[in-house]
Amino acid sequence: QSLFQRCAFFASEISFTSEEITMHSPIEQALFSLVETIPFTQKKEQRTLLLPFESQSQRMVSKTTCDNETILWCKGSPERVSQMCSQQLMPDGTVKEFESARFLRSIETFASEGFRTIALAYRSSETEDLDSNFTLIGAIGLIDPPREEAKEAIASLNTCSSKSGQ
């Protein structure tokens, strides 16, 4: 599996057993579509810490352990995750110094086209610090469906305009 897939899975609130997969939000469902090829029942990597996404921190962090390797995975707002990164993973698998301004410009482009953007990052878990020295893996652009409140408001507007004859 790719680091991108592993991060999308482990930096989420997706939980699984051999019989059931649980997703808590539409964002988690979208992330699951990226990782559904991972054989869950054979997964050796175990999540040992999960700090759920909170609007105040604008990120979520989890820790996994597999074969004596411990990794921190992070998912969050691009602005917040970019503050946590010092390196970035390149398409060829090399790692170089993180170019925050360039990354955030590309995120602005996605956002201006209506995408909700989520950044993914990782690092080895050598210290207890959960907010620095991450390596940016990349970002995901999702089409953000209207919230239920918006659907209800639009429906009531349609009802009002129908009653007024417009």
Side-chain angles (χ1 to χ4, degrees), residues 1-108 110-111 115-144:
Q1 309 115 14
S2 72
L3 280 174
F4 195 86
Q5 286 178 307
R6 287 172 63 203
C7 189
F9 179 76
F10 285 111
S12 72
E13 293 184 66
I14 299 169
S15 56
F16 64 94
T17 65
S18 58
E19 295 90 34
E20 180 178 66
I21 298 169
T22 305
M23 293 168 273
H24 302 282
S25 74
I27 297 295
E28 305 299 331
Q29 292 170 2
L31 290 174
F32 182 72
S33 70
L34 293 172
V35 299
E36 64 187 331
T37 58
I38 296 174
F40 293 105
T41 56
Q42 299 171 11
K43 185 52 116 166
K44 293 188 293 182
E45 199 162 3
Q46 297 297 313
R47 189 169 16 208
T48 58
L49 170 74
L50 176 64
L51 300 174
F53 183 88
E54 295 179 351
S55 57
Q56 185 177 6
S57 66
Q58 296 185 351
R59 56 105 169 112
M60 105 177 295
V61 175
S62 72
K63 184 191 291 188
T64 61
T65 304
C66 181
D67 298 330
N68 296 322
E69 179 184 37
T70 302
I71 299 175
L72 291 174
W73 305 100
C74 179
K75 169 187 80 178
S77 76
E79 295 78 13
R80 177 66 177 110
V81 173
S82 69
Q83 294 170 355
M84 300 166 64
C85 292
S86 57
Q87 300 179 73
Q88 62 190 44
L89 184 65
M90 302 308 293
D92 65 2
T94 60
V95 174
K96 71 175 204 172
E97 186 176 335
F98 179 54
E99 298 176 29
S100 180
R102 183 175 179 188
F103 172 69
L104 291 174
R105 279 193 306 275
S106 67
I107 292 300
E108 287 175 19
F110 278 110
F115 288 93
R116 175 184 284 201
T117 53
I118 299 170
L120 301 174
Y122 79 105
R123 74 173 174 87
S124 63
S125 178
E126 297 154 355
T127 67
E128 294 301 314
D129 176 22
L130 300 177
D131 290 314
S132 64
N133 296 318
F134 278 81
T135 298
L136 179 76
I137 296 172
I140 300 170
L142 303 169
I143 296 173
D144 205 6

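Quick note: numbers below take in every heavy atom, side chains included, and nothing from hydrogens, waters or symmetry partners.
Side-chain contact between V81 and F134 is absent, with no heavy-atom pair separated by less than 4.5 Å.
Evaluation of the side-chain hydrogen bond (donor to acceptor under 3.5 Å, both in side chains) rule for S86 yields no partner, not counting sequence neighbours. Among residues two or more places apart in sequence or in another chain, the side chain to side chain contact (heavy atoms under 4.5 Å, CB included) test is passed with T70 by K63, T65, S125. Legend: residues meeting salt bridge (charged side-chain N to carboxylate O under 4.0 Å, His left out) with E108, ordered by chain and number and at least two apart, are absent. In this structure, the side chain to side chain contact (heavy atoms under 4.5 Å, CB included) partners of Q58, at least two apart in sequence or on a different chain, are S77, R80. For S124, the side-chain hydrogen bond (donor to acceptor under 3.5 Å, both in side chains) test picks out E126, with sequence neighbours left out.
S82 approaches F103 most closely through the heavy-atom pair CB-CD2, 4.2 Å.
For the atom pair T135 OG1 and Q87 CD, the distance stands at 4.0 Å (nearest 0.5 Å). Considering CZ of F110 and CD1 of I140, their distance stands at 11.0 Å, rounded to 0.5 Å. A distance of 11.5 Å separates CD1 of I118 from SG of C74, quoted to the nearest 0.5 Å. Rounded to the nearest 0.5 Å, atoms CG (L120) and CG (L89) are 11.0 Å apart. In this structure, CG on D131 lies 5.0 Å from CE on M84, to the nearest 0.5 angstrom.
Sorted by first and then second residue, the side chain to side chain donor-acceptor pair (under 3.5 Å) pairs involving residues 93-105 (not counting sequence neighbours) are D92-T94, K96-E99.
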